[in-house]
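None of these values were measured; they are calculated from a predicted model. Count residues from 1 along the sequence.
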Amino acid sequence: MFDDRSPIYRQIADRIKADVLSGALQGDEQVMSTNQYAAFYRINPATAAKAFQQLVDEGVLYKKRGIGMFVSPAARDELRARRRERFFADVVDPMVAEAKAIGIPLGDIVKRIDELERNR
């Protein structure tokens with residue numbers, strides 16, 4: 001499950017975010033405890049705790065004292081909004097800048113996207 005490209009705690013956080021986005025984890029659903037997560041994936045509990053704390057800080061998870069960690073009710077919508085913003089910043093904005101630089105009208109880009117969508 002883990003690779004060497006980024007820290008394990010970040011990969012854990014990204015995996016949980018992906019599960020929230022896909023609907024595999026729903027709002028107010030309890031997630032494994034850090035100790036359960038650490039035992040299941042054979043990692044240091046502190047690593048799992050760091051990932052969970054990051055998710056709490058980002059508003060993806062919340063703690064119920066003495067019970068455990070749960071998915072925030074608005075987590076999916078908030079994650080989608082952040083991904084949309086990143087998509088536009090990382091993909092669309094540079095594409096538009098490149099199109100302008102090489103003289104492609106934005107209408108042509110929209111037309112091409114519409115064609116691709118119709119042919120799917």
Student: Is the distance between the ring centroids of Phe52 and Tyr37 less than 6.0 Å?
Tutor: yes

Student: Supply the atom-to-atom distance Lys50 NZ to Leu55 CG, rounded to the nearest 0.5 angstrom.
Tutor: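 Lys50 atom NZ to Leu55 atom CG measures 13.0 Å (nearest 0.5 Å).
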
Student: Mind checking ring pair (Phe, Tyr, Trp, His ring centres under 6.0 Å) for Tyr62 and listing every partner two or more places apart, or none if nothing turns up?
Tutor: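 Counting only residues at least two positions away or on another chain, Tyr62 forms a ring pair (Phe, Tyr, Trp, His ring centres under 6.0 Å) with Phe70.
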
Student: With heavy-atom distances below 4.5 Å as the criterion, would you say the side chains of Asp28 and Pro73 are in contact?
Tutor: yes

Student: Within the 3.5 Å criterion, strictly below it, is a donor on Asn119 or Glu115 matched to an acceptor on the partner's side chain?
Tutor: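 Note: Asn119 and Glu115 side chains miss the donor-acceptor criterion.
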
Student: Name all residues meeting the side chain to side chain contact (heavy atoms under 4.5 Å, CB included) criterion together with Arg65; count only those two or more places apart in sequence or in a different chain, and write none if there are none.
Tutor: none

Student: Would a 4.5 Å heavy-atom cut-off, applied to side chains only, mark Asn35 and Pro45 as touching?
Tutor: yes

Student: Does any part of the side chain of Arg15, heavy atoms only, come nearer than 4.5 Å to the side chain of Phe2, both counted from C-beta?
Tutor: no

Student: Taking side chain to side chain contact (heavy atoms under 4.5 Å, CB included) as the test, write out the residues that go with Ala24, two or more places apart.
Tutor: Asp19, Ser22

Student: Please evaluate residues Gln53 and Lys63 with respect to the criterion side-chain contact (heavy atoms from CB on, under 4.5 Å), reporting the C-alpha separation (whole Å), side-chain torsions for both, the decisive distance (0.1 Å), and the verdict.
Tutor: CA-CA 10 Å; Gln53 186 58 52; Lys63 298 177 190 179; 3.4 Å; yes

Student: Of all heavy-atom pairs between Val71 and Gln26, which one has the smallest distance, and what is that distance?
Tutor: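 Result for this residue pair: CB-O, 3.2 Å.
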
Student: What heavy-atom pair brings Ala89 and Pro94 nearest, and what distance separates the two atoms?
Tutor: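 Reported closest heavy-atom pair: O-CD, 3.3 Å.
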
Student: Within this structure, what is the CG-CD distance for the pair Asp90 and Glu85, rounded to the nearest 0.5 Å?
Tutor: 11.0 Å

Student: Could you tell me the separation between the CZ atom of Arg10 and the CD atom of Gln54, rounded to the nearest 0.5 Å?
Tutor: 6.5 Å

Student: Say whether Leu25 and Ile12 are linked into one hydrophobic cluster, either directly or through other cluster members, by side-chain heavy-atom distances under 4.5 angstrom.
Tutor: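 Both belong to a single hydrophobic cluster.
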
Student: Could you grab the distance from atom CD of Glu58 to atom CZ of Arg82, nearest 0.5 Å is fine?
Tutor: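 Output value for this atom pair is 5.5 Å.
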
Student: Can you name the side chain to side chain contact (heavy atoms under 4.5 Å, CB included) partners of Asp114, sequence neighbours left out?
Tutor: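 In terms of side chain to side chain contact (heavy atoms under 4.5 Å, CB included), with neighbours along the sequence ignored, Asp114 is linked to Val110, Arg118.
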
Student: What distance separates Arg84 CZ from Leu79 CG, expressed to the nearest 0.5 Å?
Tutor: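 Going from the CZ atom of Arg84 to the CG atom of Leu79 covers 11.0 Å.
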
Student: Hey, what else clusters with Val96 if you join Ile, Leu, Val, Met, Phe, Trp, Tyr whenever side-chain heavy atoms sit under 4.5 Å?
Tutor: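 Answer for Val96: Phe87, Phe88, Val91, Val92, Met95, Ile102, Ile104, Leu106, Ile109, Ile113.
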
Student: Would you name the heavy atoms of Ala75 and Gly59 that are closest together and state the gap between them?
Tutor: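 Minimum heavy-atom contact is CB-O, 4.4 Å.
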
Student: For the OH atom of Tyr9 and the CG atom of Asn44, what is their distance to the nearest 0.5 Å?
Tutor: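 The distance works out to 14.0 Å.
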
Student: Under the side chain to side chain contact (heavy atoms under 4.5 Å, CB included) rule, collect the residues that match up with Ala39, sequence neighbours excluded.
Tutor: none

